[in-house]
*Asks:* 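This structure is in structure tokens; I'll ask about it shortly.
When reading the values below, keep in mind they use all heavy atoms of this one structure, side chains included, and skip hydrogens, waters and symmetry mates. When a residue number appears, it is its place in the shown sequence, counting from 1.
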Amino acid sequence: ELGLLLAPFLVGTAVLLVLPALLTVLLAFTEYNAFSAPHWHGFQNFVTIFRRDLFWIAVRNSLVYIGLSAPLQLVGALALALLLHHQRYGVRQYRIAAFLPSVIPEVAYALIWLWIFNPLYGPLNKVLQWIGLPSVAWLVDPDTALVSLVLMSCFRIGEGMLLLIAALQGIPAAYFQVAALDGGTRWQLLRYITLPLLAPWLLLLLLRDILLSAQSSFAPVYMMTEGGPGYATMLLPYLIYDEAFSHFRLGHAAAMMMVMFVG
């Protein structure tokens, strides 16, 4: 009976995950343009992509994006969890507001931020002008385009916040009461009790954010920058898409996909 219950899940996993993964591995060693039969190419695809400057630009941009986005999301989720984990009047509404960006579809979320970053009538530049700071060409300037994508990723921290709230509520209150009786300050309670007990959860969230940052960067780049300006936002997921569906170099795209996931 258990096997019958698991059968749909196992079949779906095989069709949607395992089979495409195996096909990707096979394509990585072939020359294939989707119009003719694939030909065995050995490791030539990997040699070719490693010699391309654009590939290394995408690798560097992806590492910078992940290196900034994942820690900032973790810090943001922790800060919100510390603020909102106590049961107080109205705290549920704040939790819902913080969680909403996480459930907005990626395309809609990118379009919202495309409006926010608009250099002429976007609300972000309006706020900067209101406080006396100069306007910024967020997605047009190569120096700020990648930072803009990092900034918009920092607001999708609702899931991490809820996980850390659950972890905080699972810490026995007696720990904090005893430490307070010994004269512990709020900073000491956070440093010596809260953070050590949250360490496994924080590590789990950091690994999760690294993986999600690598995978979820495609929609913002596709909708907002298309890798520009001047390859400033050319990330590996978008380069793989461009190789496969714009240039029909599916073997190169599969090789890049393997490098991304193995790396």
Side-chain angles (χ1 to χ4, degrees), residues 57-84 94-119 122-128 135-165 198 201-242 256-257 260-261 263:
I57 290 173
V59 170
R60 183 196 63 197
N61 290 342
S62 298
L63 291 176
V64 171
Y65 177 82
I66 295 171
L68 293 175
S69 178
L72 288 175
Q73 289 181 41
L74 181 65
V75 172
L78 177 61
L80 283 178
L82 292 172
L83 286 172
L84 302 177
Y94 288 111
R95 291 177 185 173
I96 293 174
F99 185 74
L100 276 179
S102 300
V103 298
I104 298 175
E106 291 187 356
V107 173
Y109 189 70
L111 291 175
I112 291 171
W113 278 93
L114 191 62
W115 167 68
I116 292 174
F117 286 134
N118 188 286
L124 187 54
N125 272 349
K126 293 294 184 182
V127 172
L128 292 178
S135 299
V136 179
W138 295 99
L139 299 174
V140 181
D141 189 344
D143 294 330
T144 58
L146 189 59
V147 176
S148 302
L149 298 183
V150 172
L151 177 62
M152 66 176 288
S153 72
C154 292
F155 286 85
R156 308 197 81 170
I157 55 178
E159 294 176 357
M161 175 198 69
L162 293 181
L163 180 63
L164 291 177
I165 287 176
L198 288 181
W201 301 96
L202 294 174
L203 178 60
L204 175 65
L205 274 179
L206 180 61
L207 294 176
R208 168 189 172 274
D209 289 339
I210 290 173
L211 294 175
L212 287 182
S213 296
Q215 297 176 13
S216 63
S217 61
F218 170 76
V221 176
Y222 178 78
M223 296 297 300
M224 301 169 70
T225 66
E226 296 185 348
Y231 300 124
T233 60
M234 179 61 74
L235 304 182
L236 266 178
Y238 184 78
L239 180 60
I240 292 170
Y241 163 84
D242 190 59
M256 292 179 185
M257 182 76 74
M260 185 176 75
F261 280 99

*Asks:* Within the structure provided, determine whether Leu114 and Met223 are in side-chain contact (heavy-atom separation under 4.5 Å).
*Replies:* no
*Asks:* Using every non-hydrogen atom in the two residues, find where Ala145 and Thr233 come nearest and quote the distance to one decimal.
*Replies:* CB-CG2, 3.6 Å
*Asks:* Heavy-atom distance under 4.5 Å between the side chains of Ile165 and Arg95, does that happen here?
*Replies:* yes
*Asks:* Is Asn61 reaching over with its side chain to a backbone N or O of Tyr231, donor-acceptor style, under 3.5 angstrom?
*Replies:* yes
*Asks:* Has Phe218 got more than 12 heavy atoms of other residues, nucleotides or ligands less than 6.0 Å from its CZ?
*Replies:* yes
*Asks:* Given side chains that start at C-beta, do those of Leu202 and Leu74 come closer than 4.5 Å, heavy atoms only?
*Replies:* yes
*Asks:* Does Ser135 reach the main-chain N or O of Leu128 with its side chain, forming a donor-acceptor pair under 3.5 Å?
*Replies:* no
*Asks:* I want to check something: taking the side chain as every heavy atom from C-beta on, are Gln73 and Ser213 in contact at a cut-off of under 4.5 Å?
*Replies:* yes
*Asks:* For the residue pair Ala232 and Pro142, what are the closest heavy atoms and their distance?
*Replies:* CB-O, 3.7 Å
*Asks:* Check whether any side-chain heavy atom of Leu72 lies under 4.5 Å from a side-chain heavy atom of Asp209, and answer yes or no.
*Replies:* no
*Asks:* Would you say CD of Gln215 has more than 12 non-hydrogen atoms from neighbouring residues, nucleotides or ligands within 6.0 angstrom?
*Replies:* yes
*Asks:* Is there side-chain contact between Leu211 and Arg208, with at least one heavy-atom pair below 4.5 Å?
*Replies:* no
*Asks:* Would you compute the distance between atom CG of Leu162 and atom CD1 of Ile157 and round it to the nearest 0.5 angstrom?
*Replies:* 10.5 Å
*Asks:* Is there side-chain contact between Val221 and Leu149, with at least one heavy-atom pair below 4.5 Å?
*Replies:* yes
*Asks:* Can you measure from CG (Leu139) to CD (Glu226) and round to the nearest 0.5 angstrom?
*Replies:* 12.0 Å
*Asks:* Show the nearest heavy-atom pair for residues Thr144 and Ala137, with the distance to one decimal.
*Replies:* OG1-O, 3.2 Å
*Asks:* Should Leu151 and Phe117 count as side-chain neighbours, where that means a heavy-atom distance under 4.5 Å?
*Replies:* yes
*Asks:* Kindly state each residue pair satisfying side-chain hydrogen bond (donor to acceptor under 3.5 Å, both in side chains) with at least one member in residues 101-116, sequence neighbours excluded.
*Replies:* Tyr109-Trp113
*Asks:* Students often mix this up, so state it plainly: with edges at 30° and 60°, are the rings of Tyr238 and Tyr222 parallel, tilted or perpendicular?
*Replies:* tilted
*Asks:* Tell me whether Ser148 contacts the main-chain N or O of Trp138 through its side chain, where contact means a donor paired with an acceptor under 3.5 Å.
*Replies:* yes
*Asks:* Between Pro101 and Ala98, which heavy-atom pair has the shortest distance, and what is it?
*Replies:* CD-O, 3.4 Å
*Asks:* List the steps and the verdict of side-chain contact (heavy atoms from CB on, under 4.5 Å) for Leu198 and Leu78.
*Replies:* CA-CA 10 Å; Leu198 288 181; Leu78 177 61; 3.9 Å; yes
*Asks:* Taking the side chain from Ser62 and the backbone from Leu236, do they hold a donor-acceptor pair closer than 3.5 Å?
*Replies:* yes
